[in-house]
Structure formats: C-alpha cells, structure tokens
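Chain naming here is simple, since letters A, B, ... match the order of the sequence lines and numbering starts at 1 in each.
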Amino acid sequence: MRYSQYLLPTLKETPADAEVISHQLMMRAGMIRKVAAGVYNYMPFGLRSIRKMEQIIREEMNKAGAIECLMPMANPGELWQESGRWEKYGKELLRFKDRKNADFCMGPTHEEVVTDIVRNTVNSYRQLPLNLYQIQTKFRDEIRPRFGLMRGREFIMKDAYSFDIDDAGADKSYAKMYQAYRNIFNRCGLKFRAVEADSGAIGGSFSHEFMVLAESGEDGIVSCDTCEYAANIEKAELYYRDMETATATAPLQKIDTPDQRTIEDVADFLNVTAQQLVKTLIVQTSKDEVVAVLLRGDRELNSIKLANLLDVDWALLAEDDVIRQVTAAPVGFAGPIGLTIPVYADSEVRGMADFVVGGNAADVHYIGANHGRDFAVTRFADIRQAVAGDPCPRCDGGKFESWRGIEVGHVFKLGTKYSDAMNATVLNDKGQAQSLVMGCYGIGVGRTVAAAIEQNHDENGLMLPMPLAPFQVLVCMLNPKDDEVREAAEKLYAELESVGIEVLLDDRDERPGIKFKDADLIGIPLRVTVGARTLKEGNVELKARATGEQTEVAVDKIVNKLEQLVAEGLNF
RNA sequence: CGGGGCGUAGCGCAGUCUGGUAGCGCACCUGCUUCGGGAGCAGGGGGUCGGAGGUUCAAAUCCUCUCGCCCCGACCA
C-alpha cells in the first residue's frame with residue numbers, strides 16, 4: 001500500500017474527549033473515528049488490526065473444532081420472550097419495532113438465536129458435541145460507553161456456543177475453549193490471566209474471564225501469591241479456616257455520639273480503629289425485601305455475593321427514607337440491635353466481639369456489642385469485597401495480590417438454562433428427549449486490540465506486536481524527488497510485495513520529520529528508511545519500532561532480512 | 001439515573017463575565033525556497049458560533065427550552 005494513496009489521517013494533537021491511552025492513540029493513528037457515543041468507524045488502518053485479530057481467533061476456534069456461522073444482528077423479539085430475557089435484560093437491550101409493529105432487538109449476545117438454530121436442526125446425541133461461533137457486530141446500549149473501543153455500544157465480538165448431551169461433555173467443550181483462548185491471547189503477545197468470575201446477567205454456573213493486565217482496566221482482580229487461584233474481585237472467595245466464634249467479654253453499653261455518622265467519625269470519636277466497628281448496611285433487593293448487612297467497619301460490601309446468597313437479581317443499598325423507616329433513626333446510626341428485618345453478617349464478623357454498632361437512634365451508638373448475646377444473626381456468609389492481603393481460599397498461607405485488568409474474553413458453562421427455556425432437546429441413546437447442556441464463549445475483538453495497545457505503546461505512539469500490527473514493514477522514502485532514493489524505495493516496495501510481506505510505502509512528498517513522527521505514531525514494527533545518505537554506501541536503515549534498535553543493511557540483503565524477521569514474528 | 005463540565009473551521013483552542021456583526025495555532029490549497037526527527041516566506045479557501053424560541057436597534061455573548069458529547073458517582077450508614 002502506498003501511503004500517498006491510502007486514507008491514514010493521523011492527528012498531531014490528542015483529541016480532547018479521549019481519556020485512555022489506547023483511545024487516544026487509535027484516534028491519533030487514524031484507526032478509528034467516532035460516529036456517536038460508543039459507536040465508531042473502523043478506518044482502513046484500524047480495520048487491518050481488527051481483521052488480524054479476527055483471523056487469529058478464527059484459526060484457533062477452527063482448530064478447537066468450532067464451526068463458524070453468522071447470525072443476524074436484528075433478532076425477533078419472540079425468541080427473547082421465549083427465553084424470558086425480553087423482560088429481564090434491561091435497557092442495554094435496544095428494542096425496536098418493524099413496519100408490522102413486531103418486536104425486534106439488536107442482538108447483544110446470541111444464546112436465543114443459536115439455541116433456535118440447534119433445536120431446529122439437531123435431533124440426535126450422535127450429532128454432538130457441536131460448537132457454533134460467529135464474529136459479528138453486537139449492540140449493547142451501555143449506560144456509560146467510554147474509552148473508545150474499550151466499552152462501545154456497538155462492537156465486534158466473537159461468540160461461540162457449545163452443545164453437549166451431558167455435563168461431562170460440556171466440561172470438555174469448556175476446557176477446549178479455555179485452551180483455545182489461552183492460545184489466542186498468547187498469539188497476540190498479551191500479558192493476561194484467566195480468572196474465576198461471576199457469571200452475571202448471561203446466567204449459568206461457572207465461568208472464567210480472560211484479563212489483560214493494564215492500569216486502565218475497569219476490573220479488579222485478585223490472585224494468590226502462592227497457588228494458582230485468581231478471581232475477579234466480584235467473585236473472589238474469602239474463607240477463614242481458623243475462624244472461631246468470638247466470645248463476649250464486655251457489657252453492652254449505650255453511649256452518646258452526637259452527630260457522628262460515618263465510620264471515620266465514630267472511630268475517631270471513640271478513639272478506636274475502624275476494625276473495631278461493625279457497620280450496618282440496609283439493603284433492598286430486587287424481590288423488594290429489606291435486609292440488614294453487617295461488615296467490619298473498614299470492609300466493603302460485595303453486592304454481587306449478597307445477591308447470589310439471597311438468590312435475587314440485585315441487592316443495593318436502600319434509599320434514605322427506607323433506612324429511616326427500618327431503623328427509626330436518621331441515616332448514619334443503623335445497628336443490628338432491635339432490628340426486625342433479617343440480619344446477614346459477613347463471616348469475618350463471627351470472629352469479632354465487643355464491637356461498636358449504631359444505636360438505631362439519633363446520636364447513639366453501642367459499645368461492647370456482641371452477636372448471639374445482643375442480637376441474632378440470620379446467617380453468616382462471605383459477602384464482602386476481597387482486598388490485597390486477604391487469605392487465599394484454596395491454599396494454606398497464600399495471600400491475595402490485586403491489580404487491574406481488561407476483560408477481553410469470557411467463558412461460561414451455561415448448563416440447560418436456555419435449552420430448558422426454549423425446549424432445545426435431542427434424543428439420547430435410549431431414545432429419550434434430553435435438554436442440551438450449553439456453554440458460551442466470547443471475545444471482544446476491538447477491545448482486545450485496544451488492550452494490546454494499552455500494553456504496547458510509548459510516548460511516541462503505537463507499538464503493536466507483529467501479529468496485530470496493521471502492516472509488517474514500513475518503507476520510508478525520504479525525499480521522493482531524489483531519483484535514486486525514489487527508485488531504490490520503489491524497487492524495495494515491489495520486492496516486498498512480491499514475497500508477500502505487508503508493506504506500507506511512505507511515498508508522500510513530506511519532510512523527513514513528518515514521516516518519522518508519523519512512523520513512530522502508527523508504529524509499524526519494522527521500518528526501513530531509504531535516504532540519500534545511506535544509499536551512497538549501498539545501504540538502507542532498518543529500525544525496530546518496539547526496541548528502537550537500528551542498523552544499516554545492504555540494499556541487496558534487506559528483503560531476505562525482512563522476510564526472516566517477519567517470519568519470526570519478532571522485532572529483532 | 002444523580003452530579004459536574006463542554007459544544008465556536010478537519011484537530012487543538014481564544015472570544016462569552018462587560019452584547020456592536022468571529023479570531024489564533026496546526027491541517028488544507030497556490031507559488032518560491034527548503035529537505036534525516038512535525039521548515040520559512042508570500043498569497044488563499046473554509047465556520048447559519050450544536051439546535052429552537054425569546055430579550056434587544058444589535059446576540060457566539062443575556063434568558064428559556066432542547067439535542068449532543070465528556071468526566072465522576074451510583075458503597076453514605
């Protein structure tokens with residue numbers, strides 16, 4: 001490709017609305033342009049990386065035995081009504097009507113459609129296992145799209161769905177996908193971790209997320225410093241193997257705490273640490289229950305764990321008027337003593353005695369409070385947010401480390417949730433109808449490219465690894481008006497094309513400074529500079545974008561050298 | 001959904017408080033010079049100031065409504 005005839009609109013300045021580095025660089029390098037909030041054009045240069053990502057995914061999926069198909073973006077509402085998600089999915093599901101006033105939605109994921117395919121075309125266990133995948137544009141009307149391709153509303157996703165006759169088969173399908181995902185992200189040169197995750201709105205029983213490690217990641221992850229355990233912070237289990245129920249030693253005492261509402265206020269006022277306080281949260285659930293939740297003063301509630309414990313869709317902190325009604329006190333003085341609603345306490349609270357709690361009255365707290373003696377706990381359970389330093393639930397002595405990650409892939413074991421709801425059965429070897437056991441597996445294509453940029457850039461621009469780079473080699477023709485330079489660069493360009501190397505020839509009539517700055521910005525892994533200075537010696541200059549390493553190579557050796565470097569997939 | 005901020009040329013911004021008929025840098029076009037890390041000089045094109053309504057002799061500027069975009073929050077007890 002000739003730069004002079006290509007559409008590669010680079011920006012000298014960072015667009016004002018781009019916050020994270022991948023978004024800024026994708027804009028500046030002319031890879032994407034925004035059309036609306038969370039909706040982007042893939043410009044020619046960016047599309048090349050996207051397509052490479054897709055191809056890596058496609059190859060690994062095929063190798064793992066999955067079969068590519070393509071389902072529609074516009075989904076009939078009736079399929080979603082059948083699964084129950086038409087009501088349940090919420091506002092992220094973009095719904096609309098066709099001219100006959102029939103319900104439709106833009107597919108945010110395709111369990112319904114793929115289940116419909118399989119129930120209509122697969123009748124026997126002999127046709128299983130089956131894994132169908134597609135690489136397709138999805139639409140989710142996100143509350144807050146942000147960070148360019150990182151969280152768009154419209155985005156390209158690879159989604160795969162496995163169908164098995166039984167759990168054991170589903171486990172095998174899951175394991176294959178898990179391995180395929182490892183291969184995919186390894187091929188992209190990404191630093192990532194597979195972590196245990198909450199299965200969220202898609203539903204199901206078990207799942208892993210593939211997290212690319214990056215400061216800008218939206219997800220918190222913890223991993224054990226000793227064993228293999230790693231999990232999304234939403235899911236990370238906490239288990240106290242030596243925790244004993246604490247015994248009360250102090251008497252319960254009511255004390256005045258005028259205007260001391262927050263944990264910090266109360267701790268300071270009583271001259272104790274937050275660890276000696278137990279905070280009482282009033283929580284409202286999707287089933288319209290109100291419960292109290294007890295946590296050590298410095299801990300945070302994990303509302304996903306709580307929702308799972310209570311078997312509800314969501315469990316959120318109650319509105320102020322509900323708190324006032326339940327506690328008969330102003331907000332800030334809730335406590336477990338005398339409450340009539342169920343009280344759920346974090347496991348950690350079991351080991352606490354003689355603590356401070358709110359008094360359910362204005363300006364009153366209790367000290368010397370004890371569960372069992374002063375109030376009853378409906379149930380102790382793991383309901384708090386994990387933090388660095390917490391004990392590992394899987395091994396003895398391991399401690400959590402924490403970091404940020406970008407979720408680029410997610411594998412779920414779904415079970416029979418959708419096949420039951422949509423009556424997708426096959427006959428088993430005894431001739432009986434049996435629900436299919438499903439799994440689903442997604443990769444955010446654009447997000448993975450963005451994540452790769454988060455991990456591979458410097459202050460001058462992109463440094464995408466060879467497998468994802470839009471081109472493999474940039475030939476930088478300095479001063480096209482110099483006949484010798486032009487002819488040498490043109491010849492090199494033609495030769496590289498003929499051996500199948502993806503080459504961009506910068507034949508623009510621009511000053512060297514502009515060409516070098518653009519070269520660094522767009523970050524093609526290998527740059528060959530053809531200029532009068534080195535050409536006199538019969539050489540061109542070879543520079544690796546990622547390392548900055550630079551060397552002169554004879555004109556008649558450069559094609560071989562580049563072929564070799566590209567084949568190795570490495571910057572030298 | 002709540003809070004904050006911003007919409008003026010392709011990009012980055014000034015002008016808005018204090019109303020007087022739109023400007024700077026980059027980019028773009030023409031010419032000359034220049035040519036190994038974002039050149040110089042000269043000339044030039046491009047904006048219904050997000051939209052609608054209102055106040056006024058006069059509105060980018062003041063008022064009302066509206067649309068779009070960005071950020072933060074949605075864990076206060």
Rounded to the nearest Å, what distance is computed from the CZ atom of residue A:Arg296 to the P atom of nucleotide B:A77?
-> 15 Å
Do A:Gln260 and A:Asp265 get their side chains close enough for a donor-acceptor pair, meaning under 3.5 Å?
-> no
Tell me which of A:Thr14 and A:Arg299 sits closer to the 5' end of RNA chain B, going by the nucleotide each one is nearest to.
-> A:Thr14
Basic-acidic side-chain contact under 4.0 Å: A:Glu495, A:Lys491 = yes
A:Arg384 with A:Glu348: basic N within carboxylate O range, under 4.0 Å | yes
Taking atom C1' in both B:G2 and B:C11, compute the distance separating them and give it to the nearest angstrom.
-> 33 Å
Scan A:Ala318 against the nucleic acid and name what it touches under 4.0 Å (heavy atoms): base, sugar-phosphate only, or nothing.
-> base
For nucleotides B:U66 and B:C28, find the distance between their P atoms and express it as a whole number of Å.
-> 42 Å
Short side-chain N/O contact from A:Arg146 to OP1 or OP2 of B:C69, under 4.0 Å | no
Taking NZ, NE, NH1 and NH2 as the nitrogens, is one of them in A:Lys305 or A:Asp382 under 4.0 Å from a carboxylate oxygen of the other?
-> yes
A:Ile282 CD1 to B:C76 C1', straight-line distance once rounded to whole Å | 12 Å
Rounded interatomic separation in angstrom, taking CG from A:Asp17 and P from B:C6 | 15 Å
Could you give the distance separating B:A60 and B:A39 at their C1' atoms, to the nearest angstrom?
-> 35 Å
What's the CG-P distance between A:Asp298 and B:A77, to the nearest Å?
-> 11 Å
cation_pi(A:Arg350, A:Phe380) dist<6.0 Å, angle<=45 = yes
Pairing partner of B:G36, by Watson-Crick or G-U wobble and under 3.5 Å for both distances, is none
If you measure from the C1' atom in B:C57 to the same atom in B:G12, how many Å do you get, rounded?
-> 37 Å
Expressed as a whole number of Å, how far does the C1' atom of B:C71 sit from that of B:G31?
-> 47 Å
Could you measure between the two C1' atoms, the one in B:U56 and the one in B:U61, and give it in whole Å?
-> 13 Å
Expected output: side-chain A:Glu218 to main-chain A:Ile406 donor-acceptor under 3.5 Å | no
Whole-angstrom distance between B:U8 and B:G50, as gauged at atom C1' = 10 Å
Please work out which residues in residues 265-274 of chain A have a non-hydrogen atom less than 4.0 Å from an atom of RNA chain B and list them by number.
-> none
Quick one: what's the B/S/- string for nucleotides 33-40 of chain B, heavy-atom cutoff under 4.0 Å, read 5' to 3'?
-> -BSBBBB-
Does NZ or CZ of A:Arg33 lie under 6.0 Å from the centre of the six-membered ring of A:Tyr40, at an angle within 45° of the ring axis?
-> no
How long is the line joining CG of A:Leu339 and P of B:A77, in whole Å?
-> 16 Å
Hey, is the side chain of A:Arg144 poking within less than 4.0 Å of OP1 or OP2 on B:A74, counting only N and O atoms?
-> no
Could you please name the partner base of B:C1, counting Watson-Crick and G-U wobble pairs only when both distances are under 3.5 Å?
-> B:G73
Quote, to the nearest angstrom, the P distance that separates B:G5 from B:C62.
-> 15 Å
Within this structure, what is the CE-to-P distance between A:Met150 and B:C71, rounded to whole angstrom?
-> 12 Å
When we call it a touch if two heavy atoms are under 4.0 Å apart, what does A:Pro15 touch: a base, just sugar-phosphate, or nothing?
-> sugar-phosphate
In A:Leu25, A:Leu11, A:Asn460, the residue satisfying side-chain contact (heavy atoms from CB on, under 4.5 Å) with A:Leu521 is A:Leu25
Close aromatic pair by centroid cut-off 6.0 Å: A:His365 and A:Phe269 = no
Complement of B:U18, any strand, by Watson-Crick or G-U distances under 3.5 angstrom = none
Between A:Arg95 and A:Asp141, does at least one N-O distance fall below 4.0 Å, as a salt bridge requires?
-> no
Quick one: which of B:C13, B:C1, B:A77 gets closest to the side chain of A:Ala16?
-> B:C13
With heavy atoms under 4.0 Å as the rule, sort A:Ile263 into base, sugar-phosphate or nothing.
-> sugar-phosphate
Counter-base of B:U64, judged by Watson-Crick or G-U geometry with both distances under 3.5 Å = B:A52
Rounded distance in Å - CG (A:Asp259) to P (B:A77) = 14 Å
Mind checking A:Ser303 for me? I need base, sugar-phosphate or nothing, with any heavy atom below 4.0 Å counting as a touch.
-> base
Between NE2 of A:His23 and C1' of B:C71 the distance, given in whole Å, is 13 Å
Nucleotide opposite B:G25 in a Watson-Crick or G-U pair, distances under 3.5 Å | B:C11
Can you tell me if A:His457 and A:Glu454 form a side-chain donor-acceptor pair at under 3.5 Å?
-> no
If only atom types and distance count, is the side chain of A:Thr534 paired as donor or acceptor with the main-chain N or O of A:Asn539 below 3.5 Å?
-> yes
For B:U30, the nucleotide meeting Watson-Crick or G-U wobble distances (both under 3.5 Å) is B:A42
Contacts of A:Glu264 and A:Phe147 projected onto RNA chain B by closest heavy atom; the upstream (5') one is A:Phe147
